[in-house]
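Numbers here are sequence positions counted from 1.
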Amino acid sequence: MSICAPHQEFSPQRLLARIAAQAPPSQFPNIQVNDPATDIPEQTTQSETTIAIYKDTVLVAFVDTGQYLPVTAGVSSLSGYARSADGGQTFIDLGRVPPSSRSIGYSDPSLGVDSRGNFYFANLQYVPEQRRTLSALGVAKSIDGGRTFAEPVLVGGTDPANFQDKELIAVDNTGGRFDGNVYMAWTEFSPEGLRILFVRSTDGGETFSAPMVLSDDLSVQGATPAVGPDGEVYVVWLSLDSGRSLKIRRSDDGGVSLGPAVTAAQLARTADPQATNACRRQALKGGIRTLELPSVAVDRSPTSFFRGAIYIVYQSDPDGNGPDTSDVFLVSSVDGGKTFSPPVRVNDDHTRTDQFMPAVAVAADGTVGVFFYDRRLDPENLKIDVYFARSRDGGRSFEPNIRVTDISFAVPPTFGQSTSSKNFDALRGICYMGDYNQMAADEKFFYLAWGDNRNI
């Protein structure tokens, strides 16, 4: 399906592509998910995709400053979503996901779906009080296939005065003893440092447990939960203490308790020194802020030889010293997260350009799919494409990478700080182009959702 014509000159957008899990595809239609015609002029950022699938229903949610309204103007939410009823071939932009009546909706959206087709949507929430604004998370539920969402249930951290950040959810839809459980993990910024928190719901998202602290380190980010075939729960995160590493913990009792942290991978900082100085934080060339955040998926196929295998993808400096700043790697575990394989490089280019922000999913037959931003077609290491890689041997090797985007797109203007100028990141901070993308898979396809700048 062709891309819709842009509504205005400055219109970053959400795109989605479907890739067959088995047959080699001849082309990947880049399908626009959001409707730029609904955007407020001068505010058109859509970034940080999340995706969930139930039969022919596909939901894609995203940070959406294009439809953000000030609190005084009505319902405020920096999270939007779109729905497809035909397996991702066409989408209807359904606007903002409403916040709680007590809160202001913000960003970092995350979607999940249970075995009955109920969708769950989580994001950050700010709760105004008389003298201060408290930080919380919201989890909203849809019982009509994602057409509408109820008012979110607010979930707090260990202290309402602490900042809660970067939450992601996972829903048990295995049909097992923990079927329907909703899990959420995130980062809490406290005076003592950063920590990974975890909660669970056993009543369909109506109530959540008290937060459990998972991390011992004080510089952590990117908590990502996943559910295995027998209802086991995994939480993976990035630790920046004593070198960079990915940690994982496992629960076999539906999230009541989790085992000790295991190091899944050691990695190196991905950063361009010049861009980092200009952005005042870790960044890639062109001014794209970045971290080595993990994406995790578990093989739940009843017929796969690798059933139960855990796959984690991440970006890392391949030699720790440049000039190739960032590649994509995968590590896997076939013993329930006790040990992990050596890293396998996913991108197969022979350039010194960046590959970054990867996501992983496992199809119903056990095929592993990974997609990522890729600059291999631009010798200047600036223009971006999306590439996809597929493994049929449990992540030990990958077939030749496939270009998904039909147009290379540029880095958006990420340094502006005035909402009166056409500034991609006016409401989200300097050097912002999102922190993650996500993908999903079913019996037929991998579904890739990403932020795309081709209409800038």
Side-chain angles (χ1 to χ4, degrees), residues 45 47-48 108 165-166 187 189 193-194 217-224 236-247 263-295 312-331 343 345-347 349-359 370-387 409-417 424-425 428-437 450-451 453:
T45 299
S47 56
E48 295 189 345
D108 295 0
D165 187 37
K166 200 64 63 190
T187 305
F189 287 67
L194 283 66
D217 299 336
L218 296 178
S219 183
V220 292
Q221 187 55 277
T224 307
V236 184
W237 68 89
L238 169 66
S239 173
L240 303 177
D241 284 359
S242 302
R244 279 167 145 72
S245 63
L246 299 180
K247 302 289 184 69
T263 298
Q266 296 289 156
L267 48 155
R269 183 172 184 256
T270 53
D272 176 270
Q274 185 174 355
T276 297
N277 291 338
C279 292
R280 301 192 297 275
R281 61 180 293 169
Q282 182 177 325
L284 295 173
K285 186 176 181 181
I288 301 173
R289 78 182 199 187
T290 185
L291 273 177
E292 300 80 18
L293 302 178
S295 174
I312 304 173
V313 295
Y314 57 93
Q315 66 188 62
S316 184
D317 188 330
D319 58 15
N321 193 32
D324 190 339
T325 306
S326 182
D327 281 342
V328 171
F329 296 91
L330 176 143
V331 293
R345 185 175 183 257
V346 178
N347 53 292
D349 66 299
H350 300 286
T351 72
R352 293 180 174 178
T353 60
D354 295 331
Q355 288 76 37
F356 58 103
M357 213 178 290
V370 180
F371 91 98
F372 44 90
Y373 284 142
D374 195 309
R375 289 167 150 173
R376 72 180 70 186
L377 298 182
D378 182 7
E380 297 299 317
N381 194 29
L382 285 172
K383 288 189 176 180
I384 302 168
D385 278 280
V386 167
Y387 273 73
F409 56 87
V411 180
T414 58
F415 291 103
Q417 299 191 53
F424 184 86
D425 63 352
R428 294 288 295 140
I430 191 170
C431 296
Y432 173 79
M433 204 185 82
D435 290 325
Y436 58 88
N437 290 312
W450 71 93
N453 312 325

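- Side-chain atoms of Q315 and D354 include no donor-acceptor pair closer than 3.5 Å.
- Among the candidates N347, T325, T270, the single residue satisfying the side-chain hydrogen bond (donor to acceptor under 3.5 Å, both in side chains) test with Q355 is N347.
- Note that the OH atom of Y436 and the CG atom of L291 stand 13.5 Å from one another [nearest 0.5 Å].
- Between D378 and T353 there is no side-chain heavy-atom pair separated by less than 4.5 Å.
- Side chains of P358 and F329 form no contact here, defined as non-hydrogen atoms less than 4.5 Å apart.
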Check: What's the verdict on side-chain contact (heavy atoms from CB on, under 4.5 Å) for F372 and V313, showing C-alpha distance, side-chain angles and the deciding distance?
Finding: CA-CA 10 Å; F372 44 90; V313 295; over 6 Å; no
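- Taking 4.5 Å as the limit, some side-chain heavy atom of L284 sits within range of a side-chain heavy atom of R375.
- Atom CG of residue L238 and atom NZ of residue K247 lie 10.0 Å apart, to the nearest 0.5 angstrom.
- The existence of a salt bridge linking D435 and R289 is confirmed by a sub-4.0 Å separation between a basic side-chain nitrogen and an acidic carboxylate oxygen.
- The shortest non-hydrogen separation linking P343 to Y314 is CB-OH, 3.3 Å.
- No more than 12 heavy atoms of other residues, nucleotides or ligands shown are found within 6.0 angstrom of NZ on K383.
- Within the 4.5 Å cutoff, the side chain of T224 has no heavy atoms near those of the L293 side chain.
- Evaluation of the side chain to side chain contact (heavy atoms under 4.5 Å, CB included) rule for L194 yields T187, F189, V220 as partners, not counting sequence neighbours.
- Closest heavy-atom contact between M357 and M433: CE-O, 4.2 Å.
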Notebook entry, point to check: Checking side-chain contact (heavy atoms from CB on, under 4.5 Å) for the pair E292/L246: CA distance, chi angles, key distance, verdict?
Noted result: CA-CA 9 Å; E292 300 80 18; L246 299 180; 5.8 Å; no
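- Two residues are said to be in side-chain contact when any heavy atoms from C-beta on lie closer than 4.5 Å; V386 and Y373 meet this criterion.
- A distance of 12.0 Å separates CD1 in I384 from CG in L377, rounded to the nearest 0.5 Å.
- When all heavy atoms are compared, the tightest approach of R244 to A268 is CD-C, 3.9 Å.
- Side chain of N453 to backbone of V411: no donor-acceptor contact under 3.5 angstrom is found.
- Taking 4.5 Å as the limit, every side-chain heavy atom of L240 sits out of range of all side-chain heavy atoms of D217.
- Closest heavy-atom contact between A359 and S295: CA-OG, 3.5 Å.
- In this structure, the side chains of N381 and R352 stay at 4.5 Å or more apart for every pair of heavy atoms.
- In this structure, the separation between CG on L382 and NZ on K285 is 4.5 Å, given to the nearest 0.5 Å.
- The CD1 atom of I288 sits 9.0 Å away from atom SG of C431, with the distance rounded to the nearest 0.5 Å.
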Checklist line | Worked verdict on R269 versus T276 for side-chain contact (heavy atoms from CB on, under 4.5 Å) | finding: CA-CA 12 Å; R269 183 172 184 256; T276 297; 3.8 Å; yes
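- Contact detail for I312 and P294: the closest heavy-atom pair is CG2-CB, 4.0 Å.
- The shortest heavy-atom contact between A265 and V331 is CB-CG1, 4.1 Å.
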Next item on the list: Evaluate the side-chain contact (heavy atoms from CB on, under 4.5 Å) criterion for residues L218 and D241: first the C-alpha distance (whole Å), next the side-chain angles of each, then the deciding distance (0.1 Å), finally the verdict.
Entry: CA-CA 7 Å; L218 296 178; D241 284 359; 4.0 Å; yes
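- Legend: residues meeting ring-ring contact (aromatic ring centres under 6.0 Å, His included) with Y387, ordered by chain and number and at least two apart, are absent.
- To the nearest 0.5 Å, atoms CG (D324) and CG (D317) are separated by 7.0 Å.
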